[in-house]
Number of protein chains: 2
Amino acid sequence: MAYHHGDLRRAVLDAALDVIAADGPSAISLRDLARRAGVSHAAPAHHFKDKAGLLTAIAVEGNELLAESLAEAIAEDRTRLIDLGVRYVRFAMEHPGHFAVMYRPDLYHRHAPELVTAREHTGKLLRGTVQLLTGDQSARLTQLAAWSAAHGFATLALAGNLDKTIGEQDPAELFRALAGVMFVDHGTIER
Amino acid sequence: MAYHHGDLRRAVLDAALDVIAADGPSAISLRDLARRAGVSHAAPAHHFKDKAGLLTAIAVEGNELLAESLAEAIAEDRTRLIDLGVRYVRFAMEHPGHFAVMYRPDLYHRHAPELVTAREHTGKLLRGTVQLLTGDQSARLTQLAAWSAAHGFATLALAGNLDKTIGEQDPAELFRALAGVMFVDHGTIER
DNA sequence: CGGCAATCTTGTCGTTGACAAGATGCTGCC
DNA sequence: GGCAGCATCTTGTCAACGACAAGATTGCCG
């Protein structure tokens, strides 16, 4: 049996993300992930300590990926609040495994320092941008409203609760239409 | 050991709802629930077949409770769309165990006939009312928007993701304020 | 070249979900 | 009244899992 897999950590993460995307977080088993990677049943524990540790790593990575996407939006010309929402939904669709874990703190070590750091970074980015777009008096409520809408839509879509409703459409574009119905316009980041 | 618990089915359901509300659906164990009810480890299986069966029963009950609350809203005077949303959020807060299961079809038997029936009933009630309130041209998008917002807010609040933001406030009332920021007014059911 | 830390294996324990087989108590029917 | 049959519950068992401990292997750094 060859020692040193190469990048076992990455392999286990990827396998876990596949399983979660397909069958939800409750379907993962460390022993199964080990089998998929071709290593012994206790090997993953070395990289993640325990099951919650694995999910913590996924949550951290998810926050980083989301932060990247938000930063991209901010760097673009003519960004509007709705674009942030669309990006949030698109992130959920493109990274269903990450998304299914990130907002379920019962699944992971919610106080792990790396996670706290990553979450705060993403949160500040989001809050800052919304504030920039809305002016700060109604910012708190507007931010909550936008987050709720995007999060709710993504959650319902991913869990398959909208299957009958949306059919073949791209969920992120459907969300754009939906948000148009919903929100008063909140200005643009021009440059 | 006394046979015939009295109402084991109810006792197990209630214990399960407590555990789920406290620690999420992944924290339940049939054997633990059996211990709490003071019966042998295989007794719950007789009533629910398996773990997914127990969660299916919870999802059914949740749909029925939500339908009741929606029906109440419709029977009231001067119901507005926002009131439906507030009720949805309030339902989630008052029945966190049910809510945490209902929209996670990976956890239960999504094609169980009783569940399909209950879900369709709730869905029709909701769709019908929204259509009544909005007129039917934009009904589909508006319904999705409203559902997304209420569902997202409830989900985030229940998972503890809003703890810092909302503090001591009643989440349902906060949602009312938030929805006011967000939605164009959609008329009232007068009588 | 030697030691040392990172990585992985092997072995084990208690817990769980699922299933099978049997015990118990209720209910309706003659 | 008694018995047949069914719902309810128990006991026993199995494979899988998460966690932990102890040991093996490897590569790297001095």
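Here is the naming used below: chain letters follow the sequence lines, and residue numbers restart at 1 for every chain. Computed over heavy atoms, backbone and side chain alike; hydrogens, waters and symmetry mates excluded.
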Establish, with yes or no, whether the OP1 or OP2 oxygen of [N] is under 4.0 angstrom from a side-chain nitrogen or oxygen of [X].
X	N	value
B:H46	D:dT8	yes
B:R35	C:dT16	yes
A:K49	D:dC20	yes

Taking atom [atom2] of [N] as reference, at what distance in whole Å does atom [atom1] of [X] sit?
X	N	atom1	atom2	answer
B:L30	C:dT15	CG	C1'	13 Å
B:L54	C:dT16	CG	P	15 Å
B:H109	C:dA18	NE2	P	8 Å
B:D50	D:dA15	CG	C1'	17 Å
A:F48	C:dT7	CZ	P	11 Å

Can we call the ring centroids of A:H95 and A:F99 under 6.0 Å apart?
-> no
Is there a donor-acceptor contact under 3.5 Å linking the side chains of B:H151 and B:Y88?
-> yes
Flag the pair B:E120 and B:R127 as a salt bridge only when some basic side-chain nitrogen lies within less than 4.0 angstrom of an acidic carboxylate oxygen.
-> no
Carefully, step by step, assess A:L141 and B:L174 under the rule side chain to side chain contact (heavy atoms under 4.5 Å, CB included).
-> CA-CA 9 Å; A:L141 267 189; B:L174 175 57; 3.8 Å; yes
Among [options], the nucleotide that comes nearest once only the side chain of [X] is considered:
X	options	value
B:K51	C:dG11, C:dA18, D:dG18	C:dA18
B:H41	D:dT10, C:dA6, C:dA18	C:dA18
B:L8	C:dT12, D:dC9, C:dC8	D:dC9
A:R31	C:dC8, C:dT16, D:dC17	D:dC17
B:V39	D:dA19, C:dA18, D:dT10	D:dT10

With sugar-phosphate meaning primed atoms plus P, OP1 and OP2, does B:I28 contact a base, only sugar-phosphate, or nothing at under 4.0 Å between heavy atoms?
-> sugar-phosphate
Would you mind telling me which residue lines up with the more 5' stretch of DNA chain D, B:H47 or A:S29, judged by nearest nucleotide?
-> B:H47
Result for side chain to side chain contact (heavy atoms under 4.5 Å, CB included) between B:L13 and one of B:E61, B:H98, B:H47 points to B:E61
